[in-house]
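In each ligand, atom 1 is the first atom listed, and ligand 1 is the first ligand listed.
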Amino acid sequence: MAKYPKKQSGSLRVIFLGDVVGRPGREVVTRRLRELKASSSADLAIVNGENAAGGAGIDAGTALEIKSAGADVVTLGDHAFQRKGVVDFLQKNSDWCIRPYNLPEATTPGKGHCVWRSKDGVIVHIMNFMGRVFMGGSIDCPFRGIDKLLGEISSDGPALTICDMHAEATSEKWAMGRHTDGRLSLLVGTHTHVQTSDAQILPGGTGFITDLGMTGSQTGVIGMDSSVALRRFLSPTPAPYQIAEGEGIAHGIIADLDRESGKTVWIELLREE
Ligand SMILES: [Fe+2]
Ligand SMILES: [Fe+2]
């Protein structure tokens, strides 16, 4: 028996995987995503890849590895610009690999929004935002930012809309859920690397989860080797992160988005080894 129910008629099925952490994360994406898309009849796969390269950032090689494993779109987060060469890569591949939208407009390379089209013509706007609570850096207001972007998108005609809200605070992600309910098709939180159990459809029809969780090894501390992570908490001396060993697990959601209404009609937690 198939693990997931049959796709709801008239809907587009989306898989969204949480932060891919290092090699164990990339390997589980390569091992499972294409087969999972086929067995669940998913149309679109989106993957947060902000920790894909060595646990912090992404580069051309790791981004293309995730893409060739079946990801249609890759979103990022606070580590977006950590790796060498990524600026050039994001400039050239902004149609499928996006960084947070609400970064200083004049000085941030790449794009925070892209458009994906299904073979039968469904248009999906995918966007990446970053929260400001407990997050460092020059981040513009995500609430005003999404209002601006949704305003621009709505003038382009009917489409589905999916947002990755990369943020630390559960409250900020829930506030964004309330703020965009009925305006976004699907809003997923990323960044904490711990999957929350609150996948649901909000009253206005927006599919929502506070955090997708992590795609990586669960033997350490949110994807990183335990001994190094502990040393960083227990001692003031520097201890560079290392990736936790062991096979990766993919965490995320799978959801059906109604093509006509633009609302989520079904959403479920995803956990695949
Ligand atoms: Fe992050
Ligand atoms: Fe992350």
Side-chain angles (χ1 to χ4, degrees), residues 15-29 33 45-59 62-63 65-66 69 71 73-83 86 90 97-104 108 110 112 126-140 142 145-146 162-174 176 187-196 209-226 228-229 232-233 240-244 246 248-253 269-271:
I15 289 171
F16 208 137
L17 300 183
D19 307 30
V20 171
V21 182
R23 182 177 298 280
R26 300 197 309 272
E27 282 178 354
V28 67
V29 173
L33 184 56
I46 311 172
V47 175
N48 182 298
E50 73 136 6
N51 309 103
I58 196 162
D59 53 21
T62 48
E65 192 178 331
I66 293 170
V73 170
V74 172
T75 57
L76 296 169
D78 50 312
H79 296 297
F81 296 102
Q82 205 138 338
R83 292 279 157 176
V86 76
L90 288 179
C97 190
I98 56 173
R99 45 76 175 169
Y101 179 91
N102 54 326
L103 296 171
T108 308
I126 298 142
M127 57 205 86
N128 191 188
F129 276 83
M130 202 151 81
R132 295 198 289 188
V133 179
F134 309 131
M135 305 282 278
S138 304
I139 310 164
D140 295 337
I146 205 158
I162 300 174
C163 178
D164 173 354
M165 173 71 170
H166 194 79
E168 183 75 37
T170 52
S171 60
E172 195 174 18
K173 290 187 257 194
W174 262 99
M176 185 58 96
L187 171 64
V188 301
T190 56
H191 177 69
T192 71
H193 294 202
V194 178
Q195 189 180 53
T196 55
I209 184 170
T210 302
D211 206 292
L212 295 174
M214 174 187 75
T215 300
S217 168
Q218 292 208 301
T219 62
V221 176
I222 60 167
M224 297 300 164
D225 178 78
S226 293
V228 177
R232 291 172 69 103
F233 280 105
Y241 278 123
Q242 287 166 26
I243 301 290
I249 296 175
H251 283 107
I253 54 98
L269 292 177
L270 180 150
R271 182 181 188 280

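- Shown here is Arg23, whose CZ atom has no more than 12 heavy atoms of other residues, nucleotides or ligands within 6.0 Å.
- Summarising the geometry, atom CD1 belonging to Ile58 is positioned 12.0 Å from atom CZ belonging to Phe81; distances are rounded to the nearest 0.5 Å.
- Protein N/O/S atoms found under 2.8 Å from the Fe ion (ligand 2): Asp19 OD2, Glu50 OE2, Asn51 OD1, His193 NE2.
- Within the 3.5 Å criterion, the main-chain N or O of Met135 finds no donor-acceptor partner in the side chain of Glu168.
- Side-chain atoms of Arg99 never come within 3.5 Å of backbone atoms of Leu90 as a donor-acceptor pair (strictly under, hydrogens ignored).
- Between the side chain of Asn48 and the main chain of Glu50, a donor-acceptor pair closer than 3.5 Å is present.
- Partners of His191 under the ring-ring contact (aromatic ring centres under 6.0 Å, His included) rule, at least two apart in sequence or in another chain, are His166.
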